[in-house]
2 protein chains.
Amino acid sequence: MTTKSTTGIIGGNALRNRDHNQKVVLDYVRANEPAGRAEIARSCGLSIQAVSNITAELERQKLLMPDGHKTGVRGKPALQYRFNPEGAFAIGVELRPDVIIVAALNLSGKQIYFERVMLEDAHPEPAIKAVGDQVRAAIAATAFSPKSLLGVGVVMPGPFGETAISSAGEAVLPGWEDVDPQAAFEAEIGHPVLIENDATAAAVSERVAGVASDMDDFCYVYFGTGIGLGVISQGHVMRGAFGNAGEIGHIVTQIGGRDCPCGNKGCLETYASRYAARQHLAQFGIDANSGDDFAQLVAQDNPHFRDWLDQAAQHLAHVIGTLENIFDPQSVILGGALPDAVINALIERLDLPDGSVSNREDRTCPRVMRGFSGRLTAALGAGAMVIHQTITPNTRTY
Amino acid sequence: MTTKSTTGIIGGNALRNRDHNQKVVLDYVRANEPAGRAEIARSCGLSIQAVSNITAELERQKLLMPDGHKTGVRGKPALQYRFNPEGAFAIGVELRPDVIIVAALNLSGKQIYFERVMLEDAHPEPAIKAVGDQVRAAIAATAFSPKSLLGVGVVMPGPFGETAISSAGEAVLPGWEDVDPQAAFEAEIGHPVLIENDATAAAVSERVAGVASDMDDFCYVYFGTGIGLGVISQGHVMRGAFGNAGEIGHIVTQIGGRDCPCGNKGCLETYASRYAARQHLAQFGIDANSGDDFAQLVAQDNPHFRDWLDQAAQHLAHVIGTLENIFDPQSVILGGALPDAVINALIERLDLPDGSVSNREDRTCPRVMRGFSGRLTAALGAGAMVIHQTITPNTRTY
DNA sequence: TTTATTTACTCAATTAACTTGAGTTAAGTA
DNA sequence: TACTTAACTCAAGTTAATTGAGTAAATAAA
């Protein structure tokens, strides 16, 4: 039988509806806690009775907890509900060719565990085993029961598609070409696993517990080895038709500019990435590689690094203007595997274009902000993915 | 009481669930007709019984109709369902400062009526009245009963937001600053009204009845007075936080390039828009304004127009590469208020970047395609918006 | 040609979750 | 102290789904 196309959107029934409504309530409380049931009912388009049943169930599941009564207004004081940070937890993993970073987050997105270990062999079998060991160690180290683990998010370098372009200087995991990472990790770990790219995970992280907690439309520019983009549109992750959305590293910012391994000339990554910074500094005999190296150069106000920052900011400003005009986001967030000081130095230097839909009088937040979660972003973001999935109405696919 | 933030996503109940399921079934049939009920049930995650009830209801509403039995396979032959083109219709309006274009579409998206009249006064009151007259004339001219009118879509020039940037040479409607167009048109017309921008309407049009009927992720580059972008992501329209997404006319393709009224230098619009073409040709004493003028220049292989096409294609290719890397779409569609010959001439000249996630071996459609609906795109798209809304599971807001 | 198998579909009963409507509670206000 | 307002509970009612048993009509096998 021929397979016909489907969007993945499926019909609803009472059970799926209940799941949906639970998430609607959770998402409302996430953004507006503390909140009473009548208020939730009004905002979520449900009857008070329905919300009462749902909050009771969520309280039983330890996802919500009551927190006092709202007083000062007429009428019976409303019992306020909050997230129960101790009710559940998530684990996030960043897998790189040489290192595994594991973090655990409580339901509020707060980091409650962190570990970083070297990875000797990045081939699938040993790497998956090593990740499994670290996840088990993380579970054991927290005060949570394994039953309250919502899932494990994993951020790892692609490419996974057929012909995804590779980033400048990007290290790829060896031997993973024919591996289905999600299935492999789930088999090893025995909990639900989500695979995501670094930029998207970072974006989700900011929404779950960062500067974008009240935003439904924003862009996250992620500095990893290359430069990636995570987009949250109407509260949902944008992935593209083949899961490769957000490859902004290869946007051309300078026509006829520097050669890029991808085949283009003048890609953003050749100017504004960590790799570009390293190359630039090497010309002057400076060997900078780690985030700390860059932070030190900022602290020293190194003139060569300043030059790089100036140039990088110019190219970044161009791309940010492009993103603004394409997405009309609430804000563009910058972050990733660079120290806060470097991100700040870049933001300071941004000369954003006037001709942008984001250049408006009535803004309530800056056009560009620094991400909250710092250099552990990827692992924290991986964990945040799990929380996000639990909380946010996944209305596209039911 | 302070207003708290909401995504607009609301909870479900039996009634909303039913609406959702109807749309899920309609959307499946749209993309896969003809389809039997058991097949629909499998694909939509519903029981056969539920689908049977839903198709019966949709047949009663004249949105679906049975169309023979599927034979050649084992088992009882499945009754096949199709869209009923005669079951309902939609009207689309393009309102410009000097002209009103009205089209009517049947449920399959086929044009069944068309009219173009001059508009004497574009101020709200006379313009709304004139649109109302044209809509009433359209309803009367079709064989449909007014009851089966799903709604009226209106495409009109913005800007509607606080400080949206204006396009090069764009004509704005006078006196509309404080008008809520949707409410005003609904009051005049007495049917549901949708307001949309031209690029988004064109994109939806391609999905409803064009080259993107089986795509859920694509970009539409629209040549109006300026250049706009419509994005369908996971089957849904992307609008941005403030409704201004898709302003690609002001993406800078040439740093330090031509002055643009928006304040930037080197905006795409200053190279690749109709306005840019007109300016370019004026240098050589050629006065080209209408689409027909441009079509003629293509037919004549005019060297000055060829120069413009070459340059425009270069800037367009750059932006298309950017869109590909950002959205990872199934395809990028070009169309709008330019004759097919001009669009084709541009597409021929596109030298798309290699460094793009869309540059893949296993493509099933071209990276760039010409839109189907031709120069009436905006009005047809406006009507298609209505059909799209009726058909596509609007799961974000229930 | 007969029989078996497969698949689509209907009818009736059941179920899950939300809504409705009638109270109850508890605060602020006159 | 009585009134008003608003949150909330309980029980019954409603809706639209699912489930299970049975029927119909085609192809495939004997």
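What you see is a predicted model, and the numbers here were worked out from it, not measured in a lab. All chains are named by letter (A, B, ...) in the order of the sequence lines, taking the proteins before the strands, and each is independently numbered beginning at 1.
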request  = Can you sort out the partners of B/Asp67 under side chain to side chain donor-acceptor pair (under 3.5 Å), two or more places apart, ordered by chain and number?
outcome  = B/Arg82
Residue-phosphate contact under 4.0 Å: B/Ser47 side-chain N/O, D/dT19 OP1/OP2 = no
request  = Would you please name every residue forming a side chain to side chain contact (heavy atoms under 4.5 Å, CB included) with B/Glu86, sequence neighbours left out?
outcome  = B/Asn84, B/Asn106, B/Phe144
query = Does the ring center of B/Phe327 lie less than 6.0 Å from the ring center of A/Phe327?
reply = yes
message = Expressed as a whole number of angstroms, how long is the span from A/Ile40:CD1 to D/dC8:C1'?
response = 13 Å
message = In whole Å, I'd like the distance from the CG atom of A/Asn53 to the P atom of D/dC10.
response = 10 Å
message = From CD1 of B/Ile54 over to C1' of D/dT18, roughly how many Å is that when rounded to an integer?
response = 12 Å
request  = Name all residues meeting the side chain to side chain contact (heavy atoms under 4.5 Å, CB included) criterion together with A/Ser52; count only those two or more places apart in sequence or in a different chain, and write none if there are none.
outcome  = A/Arg37, A/Gln49
task = Using atom NE2 of B/His20 as one end and atom P of D/dA17 as the other, report the distance to the nearest whole Å.
result = 10 Å
inquiry  = Check this one for me: any side-chain N or O of A/Asn21 less than 4.0 Å away from OP1 or OP2 of C/dC18?
reply    = yes
ask   = What residues, two or more places apart in sequence or in another chain, satisfy side chain to side chain contact (heavy atoms under 4.5 Å, CB included) together with A/Ala50?
value = A/Leu46, A/Ser47
inquiry  = Using heavy-atom distances to pick each residue's nearest nucleotide on DNA chain C, tell me which of A/Gln22 and A/Val73 is more 5'.
reply    = A/Gln22
ask   = Do any side-chain nitrogens or oxygens of A/Asn13 fall under 4.0 Å of OP1 or OP2 in D/dT18?
value = yes
remark   = Residues passing the side chain to side chain donor-acceptor pair (under 3.5 Å) test with B/Thr55, sequence neighbours excluded, are none
remark   = Contact string for nucleotides 6-16 of chain C, one letter per nucleotide 5' to 3', B = base within protein heavy-atom range under 4.0 Å, S = sugar-phosphate only, - = neither, reads BBBSBBB----
